[in-house]
Undergrad: 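There's a structure below that I have some questions on.
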Amino acid sequence: MAWLFVIVGGLFETAFALCLKASDGFTKLWPTVGFVLSVTVSMGLLGLGLRTLPVGTGYAVWVGIGAVGTAIVGILYLGDPATLLRVAAIALIVGGVIMLNLAESAAH
């Protein structure tokens, strides 16, 4: 269940980053409200997941989901460039999160 909390929390991290962008420096009401709600849910779920998961691994997965999710949404819907370097960086983030999980599993 802890992993589910961290994964869903990471998806809400993507949501809060996108709402932050849409809020235009907190000058637009509804994106600002979306940001506050998303960041609250995201942090709350991360906190629940970290009750049982190692902090380094849990946090890395949460951040990785948020970073990769935000980058992908940016490319697909917001006109961010889909350069080879950007796609490679996304792949490195995913690979790093996978390796952290493998390292954690090997330690037990």
Undergrad: How long is the straight-line distance from NZ of Lys21 back to NZ of Lys28, given to the nearest 0.5 Å?
TA: 9.5 Å
Undergrad: Met99 and Val6: same hydrophobic cluster, using ILVMFWY side-chain contacts below 4.5 Å?
TA: no
Undergrad: Nearest heavy-atom pair of Gly34 and Cys19: which atoms, and what distance?
TA: C-SG, 3.7 Å
Undergrad: Applying a strict under-4.5 Å side-chain criterion to I, L, V, M, F, W and Y, I'd like to know whether Leu20 and Val63 cluster together.
TA: yes
Undergrad: Which residues pass the side-chain contact (heavy atoms from CB on, under 4.5 Å) test with Val33, sequence neighbours left out?
TA: Leu29, Trp30, Leu37
Undergrad: Val94: which residues meet the side-chain contact (heavy atoms from CB on, under 4.5 Å) condition with it, sequence neighbours left out?
TA: Val68, Ile98
Undergrad: Going hydrophobic residue to hydrophobic residue with side-chain gaps under 4.5 angstrom, can you get from Trp62 over to Leu53?
TA: yes
Undergrad: In the single-linkage hydrophobic clustering (I, L, V, M, F, W, Y; side-chain heavy atoms under 4.5 Å), do Leu102 and Val97 co-cluster?
TA: no
Undergrad: To the nearest 0.5 angstrom, please state how far the CD atom of Glu13 sits from the OG1 atom of Thr70.
TA: 6.5 Å
Undergrad: Which is it for Val8 and Leu4 under the side-chain contact (heavy atoms from CB on, under 4.5 Å) test, yes or no, and what are the steps along the way?
TA: CA-CA 6 Å; Val8 174; Leu4 182 61; 3.9 Å; yes
Undergrad: Examine Phe16 and Tyr59 and state if one hydrophobic cluster contains both, with Ile, Leu, Val, Met, Phe, Trp and Tyr joined whenever side-chain heavy atoms are less than 4.5 Å apart.
TA: yes
Undergrad: Can you check whether Ser38 reaches Val41 side chain to side chain, under 4.5 Å on heavy atoms?
TA: no
Undergrad: Determine the minimum heavy-atom distance between Ala67 and Ile93, stating which atoms define it.
TA: CB-CD1, 4.4 Å
Undergrad: As a quick check of understanding, evaluate side-chain contact (heavy atoms from CB on, under 4.5 Å) for Asp80 and Arg86, giving each step before the final call.
TA: CA-CA 10 Å; Asp80 292 351; Arg86 183 180 286 256; 4.0 Å; yes
Undergrad: Give me the atom names and distance for the closest heavy-atom approach of Thr32 to Thr27.
TA: OG1-N, 4.4 Å
Undergrad: How long is the straight-line distance from CD1 of Ile90 back to CD1 of Ile75, given to the nearest 0.5 Å?
TA: 4.0 Å
Undergrad: Partners of Thr57 by side-chain hydrogen bond (donor to acceptor under 3.5 Å, both in side chains), sequence neighbours excluded?
TA: Glu104
Undergrad: Please name the pair of heavy atoms, one in Leu46 and one in Gly58, separated by the smallest distance, quoted to 0.1 Å.
TA: CD1-O, 4.2 Å
Undergrad: Using a 4.5 Å cut-off on heavy atoms from C-beta on, say whether the side chain of Val87 contacts that of Thr83.
TA: no
Undergrad: Measure across Ser42 and Phe12 and return the closest heavy-atom pair with its distance rounded to 0.1 Å.
TA: CB-CB, 3.7 Å
Undergrad: What is the minimum heavy-atom distance between Leu100 and Ala60, and which atoms define it?
TA: CD1-CB, 3.2 Å
